[in-house]
Amino acid sequence: MFKDIVKISDLKNYNEKEVTIGGWVRHSRPSGKLIFIVLRDGSGLCQCVIEKGKISDELFEQIKRVGAESSLTITGMVRKDERSVGGYELVVSGARMLSESVDYPITPKSHGIDFLLKNRHLHLRSQRQWCIFRIRHTVINAIRQFFNDNGFTLIDSPILTGIVGEEAGSLFNVDYFGMPAFLSQTGQLHLECAAMSFGRVYCFGPTFRAEKSKTRRHLTEFWMVEPEVAFIELPGLLEIAENFVSFIVKRVLEDNEAELKTLDADVESLKKIVPPFYRLTYTQAHEILTSQKTQDFMAAQLADFVKTKQEIEEKIKALETEAKGQIKQWRQDKIAAELIELRSDLAEIDTKIENNPKHAKLASEFKWGEDLGGSDETIISLMHDKPVFVTHYPRQAKAFYMKQDGDNPKVVQNFDMLAPAGFGEIIGGSMREDNYDVLLGKIKEHGYKLENYEWYLDLRRYGSVPHGGFGLGVERTLAWLTGEKHIRQCIAFPRMMDKILI
RNA sequence: UCCCCGAUAGCUCAAUCGGUAGAGCGAGCGGCUGUUAACCGCUAGGUCGUAGGUUCGAGUCCUACUCGGGGAGCCA
């Protein structure tokens, strides 16, 4: 019955021909004897123009009052029209209602994050979400393509595991037939085994962290891709990482130009994402953060915020004065709507003004030896127009398996990659300790049970080689690319601290 | 675990010093042959998160609780 249905994205091949499309009503604008319906079918949007007289009066009346998200098939002549979204529209000659939708909860106006999350099953149909998930599809394909084309073998690491990668305490416990087990928070340790067999490997799947973090950068379940490479040193690893990220960005720019535009993403900035990226050592980052330059940077940022705030306040005042005067009702209504927007902007800028001095203080008081904080990463990231590698962190701030630096035993050979524009960390990685005695010492130093790590030490007993790898967070990468503020919008069904809806 | 903010119509938000509960969107009815989150007119829609307190009078002030948002720590 539906075998002749044409996809909206294919309409360009049917200009001046009659076709039938099937989809859901995004919105409709009845205008007397004319109805405009924008239909979405998953491949794109198409405006359908229905004139009274061209279809039965009964159907015309039914379609005239059709609710958002009603499903129907529409038949008509494809016509190129610049005025229409997507460039083509349908001059309707027939239609068939499949299912009428009444009182669809998500309206064309703005909604709060809580409401949208409760309606996640419906929110996925919205334009912004559709664009983000088209881009997610490209990103995931690009990830697989990059590794497959560069000599990597895919090894699926287990989701149920008995071993711990990072420090414990952020693991989901599972009752495994009465035995303790965890949901995997990294595939790294398993991949190290595989790297000694295949040389270059990667794993890609969901990962689980029971961190009690309520921020826009955290999920308890997220997707991470982790390459692991034998016979490599830190500079080589950084090169792979920057080529990898540049490749993803290039593919998204090629395949999702329209989606990026709809999302109002910063395409020009993305075009700058080509190797080489900036490289800073942790010690250099420390110097920058505690320097006068950073204080000046933060002060300039604050001045910007204050100026923006004044502009918003002046606008609000002007509108409020106007609203008190003798003016038409329609103008009153417009002003009310504008005021709501402006007050929301004002609240946002107030938060920024409040946080700025705190972040400046945190940066100035940053002590060598501490881990880089979220706000510190944001500052460094804002100061650069391309991603920044921060390498060689203090040993005490990092995990036991990271390789100690030969020149400076106080630091390890690790790196974080910070995305530009203030988004922060999207990659964390390191060289792994490949010296048996040093690794044994680290395990003891951390007080871990030796018997749990005998297998890991075996990798150093039998033909150890320098090796390393990193993990890239898919949702964080997407949030950066799309300009989406919250990574919860970058996974179909987000799992957050204390909240699983469906 | 800690800090800050919030909860008013289906949704997003107003309500000045404590004094009659408002707007837009959405819904319903009517109008309009080129609309782009259309526009114009009319209608319906409320236990102001919960419990207590202060007061002649509380959406507004105080206390506790519940739920939500953002951030710190930690991280992708």
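It should be emphasised that the depicted structure is a prediction, and the values quoted were computed from it without experimental measurement. Chain letters run A, B, ... following the sequence lines, proteins first and then strands; every chain starts at 1.
- You'll find the side chain of A:Ser430 reaches within 4.5 Å of the side chain of A:Arg432, heavy atoms only.
- With P as the reference atom, B:A21 and B:U60 are 13 Å apart, rounded to whole Å.
- When the C1' atom is used for both B:C39 and B:C17, the distance is 40 Å, rounded to whole Å.
- If you check every strand for non-hydrogen atoms under 4.0 Å, A:Phe222 touches a base.
- The aromatic rings of A:Phe400 and A:Tyr448 sit perpendicular, their planes meeting at an angle over 60°, well past the 30° parallel limit.
- Side-chain atoms of A:Ser381 come within 3.5 Å of backbone N or O of A:Ala419 as a donor-acceptor pair.
- As judged by a 4.0 angstrom heavy-atom cut-off over every strand, A:Glu377 is placed among the base-contacting residues.
- Looking at heavy-atom distances under 4.0 Å, A:Ile35 makes no contact with the nucleic acid at all.
- As rounded to the nearest Å, B:C75 and B:U35 have C1' atoms that lie 49 Å from one another.
- Judged by centroid separation below 5.5 Å and plane tilt below 30°, A:His111 does not stack onto the base of B:C11.
- No donor-acceptor pair under 3.5 Å is formed between the side chain of A:Ser70 and the backbone N or O of A:Val66.
- In this structure, A:Arg216 reaches the sugar-phosphate backbone alone: every heavy-atom distance under 4.0 Å involves primed, P, OP1 or OP2 atoms, never a base.
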What pairs of nitrogen or oxygen atoms, one from the protein and one from nucleotides 45-50 of chain B, lie under 3.5 Å apart?
none

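- B:C48 and B:C11 have their P atoms separated by 15 Å, given to the nearest Å.
- Under 3.5 Å, the side chain of A:Ser213 and the base of B:G73 form at least one donor-acceptor pair of N or O atoms.
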Dump the pairs, protein N or O against N or O of nucleotides 67-69 of chain B, anything under 3.5 Å, distances to one decimal.
| residue | atom | partner | partner atom | Å |
| --- | --- | --- | --- | --- |
| B:G68 | O3' | A:Lys499 | NZ | 3.4 |
| B:G69 | OP1 | A:Lys499 | NZ | 2.6 |

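- For the 3.5 Å distance criterion, the side chains of A:Glu192 and A:Tyr401 fail to qualify, holding no donor opposite an acceptor.
- Here ring pair (Phe, Tyr, Trp, His ring centres under 6.0 Å) pairs that include residues 477-502 of chain A, with residues two or more places apart or in two chains, number zero.
- A heavy atom closer than 4.0 Å to some atom of RNA chain B occurs in A:Gly471, A:Arg476, these being the qualifying members of residues 468-485 of chain A.
- The 5' end of RNA chain B is approached more closely, in terms of each residue's nearest nucleotide, by A:Lys358 than by the other of A:Asn355 and A:Lys358.
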*RNA chain B in dot-bracket, Watson-Crick or G-U pairs under 3.5 Å, [ ] crossing, | other strand?*
(((((((..((((.....[..)))).(((((.......))))).....(((((..]....))))))))))))....

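- Neither side chain, A:Thr220 nor A:Glu211, offers a donor N or O lying under 3.5 Å from an acceptor on the other.
- Separation of the C1' atoms belonging to B:G71 and B:C65 is 23 Å when rounded to the nearest angstrom.
- The separation of B:A14 from B:G73, taken at their C1' atoms, amounts to 37 Å, rounded to a whole angstrom.
- Listed in residue order, the members of residues 362-373 of chain A having a heavy atom less than 4.0 Å from RNA chain B are A:Asp371, A:Gly373.
- A gap of 33 Å separates the C1' atoms of B:U33 and B:G45, to the nearest Å.
- The backbone N or O of A:Val229 sits nowhere less than 3.5 Å from a side-chain atom of A:Tyr202 that would complete a donor-acceptor pair.
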*How does protein reach along nucleotides 26-33 of chain B, written 5' to 3' as B (base within reach of a heavy atom under 4.0 Å), S (only sugar-phosphate), or - (no contact)?*
SS-S--BB

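- When the salt bridge (Lys or Arg N to Asp or Glu O under 4.0 Å) test is applied to A:Glu69, the partners found at least two apart in sequence or on another chain are A:Arg40, A:Arg125.
- Using modelled atom types, one finds a donor on one side chain and an acceptor on the other under 3.5 Å when comparing A:Thr107 with A:His111.
- Partners of A:Phe204 under the ring pair (Phe, Tyr, Trp, His ring centres under 6.0 Å) rule, at least two apart in sequence or in another chain, are A:Trp223.
- The aromatic ring of A:Phe36 does not sit over the base of B:G34, since the test of centres under 5.5 Å and planes under 30° is not met.
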Only distances under 3.5 Å count here; give the side-chain donor-acceptor pairs of residues 46-57 of chain A to other protein atoms, sequence neighbours excluded, each with its distance to 0.1 Å.
| residue | atom | partner | partner atom | Å |
| --- | --- | --- | --- | --- |
| A:Gln47 | OE1 | A:Arg29 | NH2 | 3.2 |
| A:Gln47 | NE2 | A:Glu89 | OE1 | 3.4 |
| A:Ser56 | OG | A:Leu59 | N | 3.1 |

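- Residues meeting the ring pair (Phe, Tyr, Trp, His ring centres under 6.0 Å) test with A:Phe208, sequence neighbours left out: none.
- Within the 3.5 Å criterion, the main-chain N or O of A:Leu372 finds no donor-acceptor partner in the side chain of A:Asp376.
- Of the candidate nucleotides B:A76, B:U35, B:G73, B:G73 has the atom nearest to the side chain of A:Lys212.
- In the region residues 74-88 of chain A, proximity to RNA chain B at under 4.0 angstrom, judged on heavy atoms, holds for A:Arg79, A:Asp81, A:Arg83.
- Spacing between B:A72 and B:U55 at atom P, rounded to whole Å, works out to 44 Å.
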*asked:* As a quick check of understanding, evaluate side chain to side chain contact (heavy atoms under 4.5 Å, CB included) for A:Leu72 and A:Trp24, giving each step before the final call.
replied: CA-CA 6 Å; A:Leu72 67 168; A:Trp24 298 262; over 6 Å; no

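- Ion pairing of A:Lys361 with A:Glu365 is present here, as a side-chain N (NZ or NE/NH1/NH2) and a carboxylate O approach within less than 4.0 Å.
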